[in-house]
Amino acid sequence: MSRRLQRLALRFGAAAFLLAAAGGPGCTCSESKTKVTVVTVDAGNEDDEDQVRPNYDLTGPADPLATRLCEALYKLPEDRRAQCCPGGPVTAVNVASQCTPMLSAALRLGAVTVKPEAVDKCVAALGAAYAGCAWVGPNEVPLPAECSGIFTGTLAPVARCRSSLECQGTLRCFGVGPTDLGRCAPAGTPGMRCDVAVDALASYTRQDAALHPECDGFCQRRICRPPVEPKAACLVNLQCPRGKHCANGTCVDGEVSRVGEPCSAGSCDRGLRCVKDVCRAPAPDGTPCTSHLECQGACIPASGGSRCGSGCAFR
């Protein structure tokens, strides 16, 4: 659903999403001939037509695991940043205050589960990722591997869902939105619509969309496309078949590029960056630089040439 349609849905108190009729998201019809089923979600009576109704009940008590995880994802970085950069601006929106009630609601419903030990490992890894002040700057700190894929979905195919995190295995919640219910289904085949919905819970918990793929291939211009052939031209990893990645515009063997190997945008191993088409580790303070991407913090102009340093100015 486009942003414009979502706004209209919120305004008029109802929302619709599309599922391919012949086997749902598994339909192999072409885009122009695909049959669709329109499912309308009742948003209330006419007196409440202007009221936004999220698909999760956010009024219940906060779950302790949800509180720990969301505060580690959002509050911890801001607290650490404030310690590194005293007197700096304060974040306008406390995202943890939105993440916690949504994740709490999902856990209460039982469609999503998470083990306490998984949360413990994620929180510890986030603490290590934001240790010291070298990370402060315009670059996003990668989500630690310990925080990815920590949720288990319990819903089977065709079940109504509020997030892909609720779906079993790699199933995806097709048609889901902040106020829309979807249905769990396998990745879409070439020709199906894609990138038309927003999964709020997955976004707030920073879960990788690739864990619940939308297409059995990749999404381009809102249509599922088949993976490109081996050795064919590519721009990003998603275009390549499984087990390959995009480097220097070609699909090559391996899931990612390692240190010193050729790369394309997003094709480097976790914690590395693609700088001038080569995967590199972020450089420490004092290293000569030409862009922020090269540094742990920021590339600071200085006499005699720019060097990596504190990124407090870029909060």
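No hydrogens, no waters, no symmetry mates; every other heavy atom, side chains included, goes into these values.
- Taking both residues in full, the closest heavy atoms of Asp195 and Cys219 are given as CB-SG, 3.6 Å, listed atom of the first, atom of the second, then distance.
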Item checked: disulfide (SG to SG under 2.5 Å) between Cys240 and Cys246, intermediate numbers included -> CA-CA 7 Å; Cys240 299; Cys246 188; 4.9 Å; no
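- A donor-acceptor pair under 3.5 Å is formed between the side chain of Arg270 and the backbone N or O of Leu143.
- In this structure, the side chains of Pro77 and Val141 stay at 4.5 Å or more apart for every pair of heavy atoms.
- With a 4.5 Å cut-off on side-chain heavy atoms, Tyr74 and Gln98 do not count as touching.
- Atom-to-atom distance recorded for Ser306:OG and Ile300:CD1 is 8.0 Å, nearest 0.5 angstrom.
- Side chain to side chain, Glu294 and Thr290 meet the donor-acceptor criterion of an N or O pair below 3.5 Å.
- Across every non-hydrogen atom of Arg183 and Val158, the tightest pair is NH1-O, 3.0 Å.
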Checklist line | Worked check of side chain to side chain contact (heavy atoms under 4.5 Å, CB included) between Leu76 and Glu71 | finding: CA-CA 6 Å; Leu76 171 65; Glu71 289 194 349; over 6 Å; no
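- Using a 4.0 Å cut-off between a side-chain N of Lys or Arg and a carboxylate O of Asp or Glu, Arg280 and Glu261 do not qualify as a salt bridge.
- Between Val119 and Val114, some side-chain heavy-atom pair lies under the 4.5 Å cut-off.
- Thr154 places a side-chain N or O within donor-acceptor distance of the main-chain N or O of Ala111, the cut-off being under 3.5 Å.
- Using a 4.5 Å heavy-atom cutoff, the side chains of Tyr56 and Thr179 are not in contact.
- When all heavy atoms are compared, the tightest approach of Ile150 to Gln207 is N-OE1, 3.8 Å.
- Interatomic distance, Cys215 SG to Arg193 CZ, rounded to the nearest 0.5 Å: 11.0 Å.
- Closest of all the heavy-atom pairs between Cys161 and Glu166 is CA-OE1, 3.3 Å.
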Next item on the list: For the pair Arg81 and Tyr130, evaluate side chain to side chain contact (heavy atoms under 4.5 Å, CB included) and give the outcome as yes or no after the intermediate values.
Entry: CA-CA 9 Å; Arg81 193 187 298 264; Tyr130 292 104; 5.9 Å; no
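- Within 6.0 Å of the CD atom in Gln168, the count of heavy atoms belonging to other residues, nucleotides or ligands exceeds 12.
- Side-chain contact between Pro101 and Ser104 is absent, with no heavy atoms from C-beta onward closer than 4.5 Å.
- For Asn139 against Cys295, the heavy-atom pair with the smallest separation is ND2-O, 3.2 Å.
- Here the straight-line distance linking atom OG of Ser257 with atom CG of Leu272 works out to 9.0 Å at 0.5 Å rounding.
- Between Arg242 and Asp216, at least one side-chain N (NZ, or NE/NH1/NH2) sits under 4.0 Å from a carboxylate O, which counts as a salt bridge.
- Leu293 CG to Arg273 CZ: the interatomic distance, rounded to the nearest 0.5 Å, is 6.0 Å.
- Cluster membership for Val112 and Leu109, using ILVMFWY side-chain heavy atoms within less than 4.5 angstrom, is shared.
- When atom types are taken as modelled, the side chain of Arg108 and the backbone of Pro61 share a donor-acceptor pair closer than 3.5 angstrom.
- Using modelled atom types, no side-chain atom of Ser164 and backbone atom of Arg172 make a donor-acceptor pair closer than 3.5 Å.
- Here the options are Ser267, Cys268, Cys251, the test is side chain to side chain contact (heavy atoms under 4.5 Å, CB included), and the partner is Asn237; only Ser267 passes.
- With contacts defined as side-chain heavy-atom distances shorter than 4.5 Å, the pair Gln220/Arg225 qualifies.
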Next item on the list: Under the salt bridge (Lys or Arg N to Asp or Glu O under 4.0 Å) rule, what do Asp180 and Arg162 come out as? Steps first, then yes or no, please.
Entry: CA-CA 7 Å; Asp180 307 323; Arg162 295 168 175 81; over 6 Å; no
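- Without hydrogens or angle criteria, Thr287 side chain to Pro284 main chain gives a donor-acceptor distance under 3.5 Å.
- No side-chain heavy atom of Ser264 sits under 4.5 Å from any side-chain heavy atom of Val236.
- Considering only heavy atoms from C-beta on, Leu155 stays 4.5 Å or farther from Leu171 through its side chain.
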Next item on the list: For the pair Tyr204 and Leu103, evaluate side chain to side chain contact (heavy atoms under 4.5 Å, CB included) and give the outcome as yes or no after the intermediate values.
Entry: CA-CA 8 Å; Tyr204 277 130; Leu103 180 54; over 6 Å; no
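- Closest approach of Gly311 to Ala298, counting heavy atoms only: CA-CB, 3.8 Å.
- Ser163 and Asp199 form a side-chain donor-acceptor contact under 3.5 Å, judged by distance and modelled atom types alone.
- Hydrophobic clustering, with ILVMFWY side chains joined whenever heavy atoms are under 4.5 angstrom apart, groups Leu73 together with Val95.
- In this model, Cys184 has its SG atom within less than 2.5 Å of the SG atom of Cys167.
- Salt-bridge check for Asp120 with Arg68: passed, with a basic side-chain N closer than 4.0 Å to an acidic carboxylate O.
- Cys224 does not pair with Cys194 as a disulfide, the SG atoms being 2.5 Å or more apart.
- Taken together through direct or relayed side-chain contacts under 4.5 Å among Ile, Leu, Val, Met, Phe, Trp and Tyr, Val252 and Phe218 form parts of separate hydrophobic clusters.
- At least one donor-acceptor pair under 3.5 Å links the side chain of Gln239 to the backbone N or O of Leu235.
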Next item on the list: In sequence, state the C-alpha distance, the side-chain angles, and the governing distance for Thr170 and Leu211, and then conclude on side chain to side chain contact (heavy atoms under 4.5 Å, CB included).
Entry: CA-CA 6 Å; Thr170 60; Leu211 297 173; over 6 Å; no
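- Distance check: Asp63 CG to Leu107 CG gives 5.0 Å after rounding to the nearest 0.5 Å.
- In the model, Thr250 has no side-chain atom that pairs as donor or acceptor with a side-chain atom of Asn248 under 3.5 Å.
- For the cysteine pair Cys308 and Cys289, the distance separating the two SG atoms is not below 2.5 Å.
- Taking a 6.0 Å sphere around CZ of Arg221, one finds it holds 12 or fewer heavy atoms contributed by other residues, nucleotides or ligands.
- Atoms NZ and SG, on Lys276 and Cys263 in that order, are 12.5 Å from each other to the nearest 0.5 Å.
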